[in-house]
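Notes follow once the structure below has been shown.
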Amino acid sequence: MDINKRTILWIVFAVSLVVLWNNWMVSTGKPSMFAPAPAQTAKAAEAKKSELPAASATAAAGAAALPGAPAAAEPFKSERITVTTDLFRVDVDTLGGTIKRLELLKFKDGVDPTKNQVLFDVDAGTGKTYLAQTGLIGAPGLPNHQTGFVAKPGPRMLGDGNQVQLVLEAESAGVKLTKTFTFKRGDYTIDVRHDVTNVGAAPVKPELYLQLVHDGNKPAGDSYFNSSYTGPTLYTAEDHYKKLKFETLEKEAAEAAKTGKDAVQDHPTKADNGWFAISQHFFVSAFVPQDKLARTIFTKKVTTNQYAIGTIQQLGTLAPGATVSNDARLYSGPQQSKLLEQVTPGLELVKDYGWLTIIAKPIFWVMDHIHQVLGNWGWTIIAFTILIKLAFFPLSAAGYRSMAKVKLVTPKMQAIRERYKGDPAKMNQATMELYKAEKINPLGGCLPILVQMPVFIALYWVLQASVEIRGAPWIGWITNLAAPDPWYILPVLYAISMYITTKLNPAPADPMQAKMMLFMPLAFSVMFFFFPSGLVLYWVVNNVLSIGQQYVISKKFAPPAAANS
């Protein structure tokens with residue numbers, strides 16, 4: 001075959017599609033095409049972990065009678081207590097002291113912009129389950145997330161102060177558990193304090209568990225081309241960042257059912273530091289247990305379409321009358337790097353930039369600084385595109401000069417193709433000799449595209465992962481740069497710019513190849529219908545700059561014969 005830049009361009013196009021597909025597969029929890037499936041590291045947990053009470057969203061009310069009530073007493077009647085701050089509205093159920101709903105007041109829903117984004121929630125109609133639960137194990141009857149709690153009086157709105165607290169108390173099996181939720185102004189982190197008191201006559205050895213429960217489904221609005229990882233994640237200083245995947249928990253539960261093993265899995269992450277979380281597109285809820293206290297992080301399938309990740313910490317032996325306190329934090333909010341870095345080490349890793357993180361993080365850093373000046377993410381993308389073009393200007397100049405030379409010798413290449421059309425080997429040999437004689441690098445025209453392709457893919461992941469750009473408008477019809485263009489204007493402009501670029505390039509000697517080059521703008525444009533409009537904006541501006549650059553360079557830097565033709 002005749003080796004020229006058109007063939008290389010198609011190879012780059014095909015490889016790019018494969019890479020994008022592979023990254024989509026990984027982001028949606030499927031195994032990478034380039035690596036074997038990770039080995040299953042889970043094993044059956046210690047028997048005491050099976051003591052964890054069922055984490056279903058609707059526990060039987062009769063099983064949670066108030067401590068000390070007679071057997072025939074009325075079932076515990078729970079209530080939801082709503083706490084409102086400047087950042088969110090939180091519903092805490094007195095049945096178990098469970099956070100059952102958390103509404104972010106500064107972020108709109110990705111599907112219905114008239115509503116606020118909701119993270120924790122329970123909806124029996126849709127099957128949505130997303131909960132934060134805590135409690136005690138270690139002995140039968142200890143207060144847990146199915147125990148009835150009593151709320152102490154106090155303010156439920158932030159008001160003029162800097163914080164508001166919700167205090168819940170429960171007592172059973174000779175142990176009193178006090179949960180204190182502290183909500184602070186301007187902070188997505190909720191302090192969760194547990195005070196455990198032995199009010200009985202014998203020593204007890206309670207253990208504290210914290211867990212997040214999820215239904216395993218992606219959030220509404222998640223689409224084929226606009227998807228991100230949704231599932232359990234954890235981090236420790238020893239093992240670093242891990243994604244555990246709901247699919248893995250489902251397979252492990254099925255295997256446990258076949259073998260008769262305990263269905264609670266332990267992955268087993270034993271440490272005295274770190275955090276665990278449920279990550280989703282743009283947002284995350286993460287428990288940060290008390291530091292420097294031994295813990296075991298576990299994962300399990302709770303019931304049909306419900307999965308949990310949590311931790312168990314030993315509180316030691318409590319003598320009668322003794323009290324032990326445990327301080328944890330729960331971050332539930334946007335995946336903003338600056339906020340995540342302030343909460344705990346490693347939490348910023350939930351902002352998933354894919355396999356090109358090494359390029360994507362600097363890209364976002366530069367764009368963030370540009371945005372601080374311009375104040376609009378659309379103009380920020382345009383300014384960033386100009387910076388990229390300036391950075392690659394020398395390489396582009398060399399590439400366009402090579403293309404000008406190819407355009408000059410196109411008649412000679414066509415003559416070679418006609419002369420040796422029955423002998424491909426001699427055709428290639430004659431073509432390479434022509435390139436050598438004219439001092440043409442056949443790959444020169446492709447180098448700018450090859451170099452910019454990683455930037456293009458990295459920018460795709462920046463737009464996919466950055467909640468800062470979610471819902472950010474540019475001008476007119478572009479009201480969300482992280483969503484596809486609603487009127488498809490940018491993809492059409494891209495097709496036009498690509499068509500002009502193709503016409504400025506030397507025509508392929510092969511008629512079939514020429515038709516394919518004309519088809520490529522249409523193919524890309526259709527694909528860009530589903531891509532974030534910010535990404536298409538980058539590529540449109542890049543093409544417009546390239547057209548001007550190519551025209552000037554082809555006239556100014558082309559060999560004299562080409563310039564006079």
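On a predicted model such as this, the values are computed, not experimentally measured, just so you know.
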Nearest non-hydrogen partners of P334 and L339, listed with the distance
CG-CD1, 4.1 Å

Should F181 and L168 count as side-chain neighbours, where that means a heavy-atom distance under 4.5 Å?
yes

Taking ring-ring contact (aromatic ring centres under 6.0 Å, His included) as the definition, give me every residue that meets it alongside Y488, ordered by chain and number, with sequence neighbours left out.
F529

I'd like to know if the side chain of K389 pairs up with that of S546 as donor and acceptor (distance under 3.5 Å, no hydrogens or angles considered).
yes

Hey, are the side chains of P232 and L249 touching, using non-hydrogen atoms and a 4.5 Å cut-off?
yes

The side-chain hydrogen bond (donor to acceptor under 3.5 Å, both in side chains) partners of N542 (sequence neighbours excluded) come to none

Do we get K106 above Y188's six-membered ring, with its NZ or CZ under 6.0 Å from the centre and within 45° of the axis?
no

Locate the shortest heavy-atom distance separating V213 from A308; write the atom from each residue and the value.
CG2-CB, 4.1 Å

Residues in side-chain contact (heavy atoms from CB on, under 4.5 Å) with L493, at least two apart?
I489, L490, V540

Nearest-0.5 Å distance, CD of residue Q342 to CD of residue Q336
10.0 Å

What heavy-atom pair brings A151 and L166 nearest, and what distance separates the two atoms?
CB-CD1, 4.4 Å

Do the side chains of L330 and I99 get nearer than 4.5 Å, heavy atoms only?
yes

Check for a donor-acceptor pair, side chain of T303 on one end and backbone N or O of Q306 on the other, with a separation under 3.5 Å.
no

How long is the gap from CG on L131 to NE2 on H214, to the nearest 0.5 Å?
10.0 Å

Is a salt bridge present between E250 and K301, judged by a nitrogen-to-oxygen distance below 4.0 Å?
yes

Can you tell me if NZ on K184 sees more than 12 non-hydrogen neighbours from other groups inside 6.0 Å?
yes

Quick one: does L459's side chain get under 4.5 Å of L535's, heavy atoms only?
yes

Quick one, F276 with L244, criterion side chain to side chain contact (heavy atoms under 4.5 Å, CB included). Give me CA distance, side-chain angles, the key distance, then yes/no.
CA-CA 10 Å; F276 63 92; L244 300 180; over 6 Å; no

Taking side-chain hydrogen bond (donor to acceptor under 3.5 Å, both in side chains) as the definition, give me every residue that meets it alongside R470, ordered by chain and number, with sequence neighbours left out.
Q117

Residues at least two apart in sequence or cross-chain that pass ring-ring contact (aromatic ring centres under 6.0 Å, His included) with Y307, listed by chain then number, are F246

Quick note, ring-ring contact (aromatic ring centres under 6.0 Å, His included) partners involving residues 93-126, not counting sequence neighbours, are F107-F283, F120-Y130

Using atom types as modelled and distance alone, determine if a side-chain donor or acceptor of N480 lies under 3.5 Å from a backbone N or O of G471.
yes

State, yes or no, whether a side-chain contact exists between L387 and I370 at a heavy-atom distance under 4.5 Å.
yes

Side chain D215, main chain T129, donor-acceptor under 3.5 Å
yes

Determine whether I309 and I278 satisfy the following criterion, side chain to side chain contact (heavy atoms under 4.5 Å, CB included), listing intermediate values before the conclusion.
CA-CA 8 Å; I309 181 171; I278 297 290; 3.9 Å; yes

Any chance you could lay out the side chain to side chain contact (heavy atoms under 4.5 Å, CB included) test for I547 and S497, step after step, and finish with the verdict?
CA-CA 8 Å; I547 290 171; S497 65; 4.2 Å; yes

Within the side chain of R185, is there an N or O that forms a donor-acceptor pair under 3.5 Å with the backbone of T85?
no

Should E468 and K338 count as an ion pair when the cut-off is N to O under 4.0 Å?
no

Can you name the side-chain hydrogen bond (donor to acceptor under 3.5 Å, both in side chains) partners of N305, sequence neighbours left out?
none

Roughly how far, to the nearest 0.5 Å, is CG of N116 from CD of E103?
4.5 Å

Mind listing the closest non-hydrogen atom pair of D86 and L158 along with its distance?
OD1-CD2, 3.8 Å

Which of parallel (below 30°), tilted (30 to 60°) and perpendicular (above 60°) describes Y494 and W539?
tilted

As a test of understanding, state which of H145, Q133, Q313 forms a side-chain hydrogen bond (donor to acceptor under 3.5 Å, both in side chains) with Y209.
H145

Taking all heavy atoms of W377 and all of M367, pick out the closest pair and write down the distance.
CZ3-O, 3.8 Å

Minimum heavy-atom distance L463-G534, with the two atoms named:
CD1-C, 3.5 Å

Check for a donor-acceptor pair, side chain of H281 on one end and backbone N or O of Q464 on the other, with a separation under 3.5 Å.
yes

Could you measure the distance from the OG atom of S533 to the CD1 atom of I381? Nearest 0.5 Å is fine.
7.5 Å

Taking only residues two or more places apart in sequence or in another chain, which ones pass side-chain contact (heavy atoms from CB on, under 4.5 Å) with D112?
D109, T114, K115

D91: what forms a side-chain hydrogen bond (donor to acceptor under 3.5 Å, both in side chains) with it, not counting sequence neighbours?
T82

Look at atom CH2 of W477 and say whether more than 12 heavy atoms of other residues, nucleotides or ligands are closer to it than 6.0 Å.
yes

Separation between CG (L545) and OG1 (T385), nearest 0.5 Å, reads 7.5 Å

So V284 and K351, do their side chains get closer than 4.5 Å, heavy atoms only?
no

Using a strict threshold of under 4.0 Å (side-chain N to carboxylate O), is an ion pair present between R193 and D191?
no

Does Y241 have any ring-ring contact (aromatic ring centres under 6.0 Å, His included) partners at least two apart in sequence or in another chain, and if so, which?
none

Please identify each residue that fulfils ring-ring contact (aromatic ring centres under 6.0 Å, His included) with Y331, with sequence neighbours left out.
none

Within the 6.0 Å centroid threshold, strictly below: W379 and W474
yes

Quick one: does T344's side chain get under 4.5 Å of Y235's, heavy atoms only?
no

Separation of K245 NZ from T299 OG1 (nearest 0.5 Å)
13.5 Å

Check whether any side-chain heavy atom of K179 sits under 4.5 Å from a side-chain heavy atom of V192, and report yes or no.
no

Among residues two or more places apart or on two chains, list those pairs meeting salt bridge (charged side-chain N to carboxylate O under 4.0 Å, His left out) that have a residue in residues 484-494.
none

Greater than 12 external heavy atoms within 6.0 Å of I475's CD1
yes

Main chain of P345, side chain of W275: is a donor-acceptor contact present, judged purely on distance under 3.5 Å?
yes

So, N273 side chain and A237 main chain: donor-acceptor pair closer than 3.5 Å or not?
yes

Give a yes or no answer on whether the side chain of Q290 reaches the backbone of D327 with a donor-acceptor pair at less than 3.5 Å.
yes

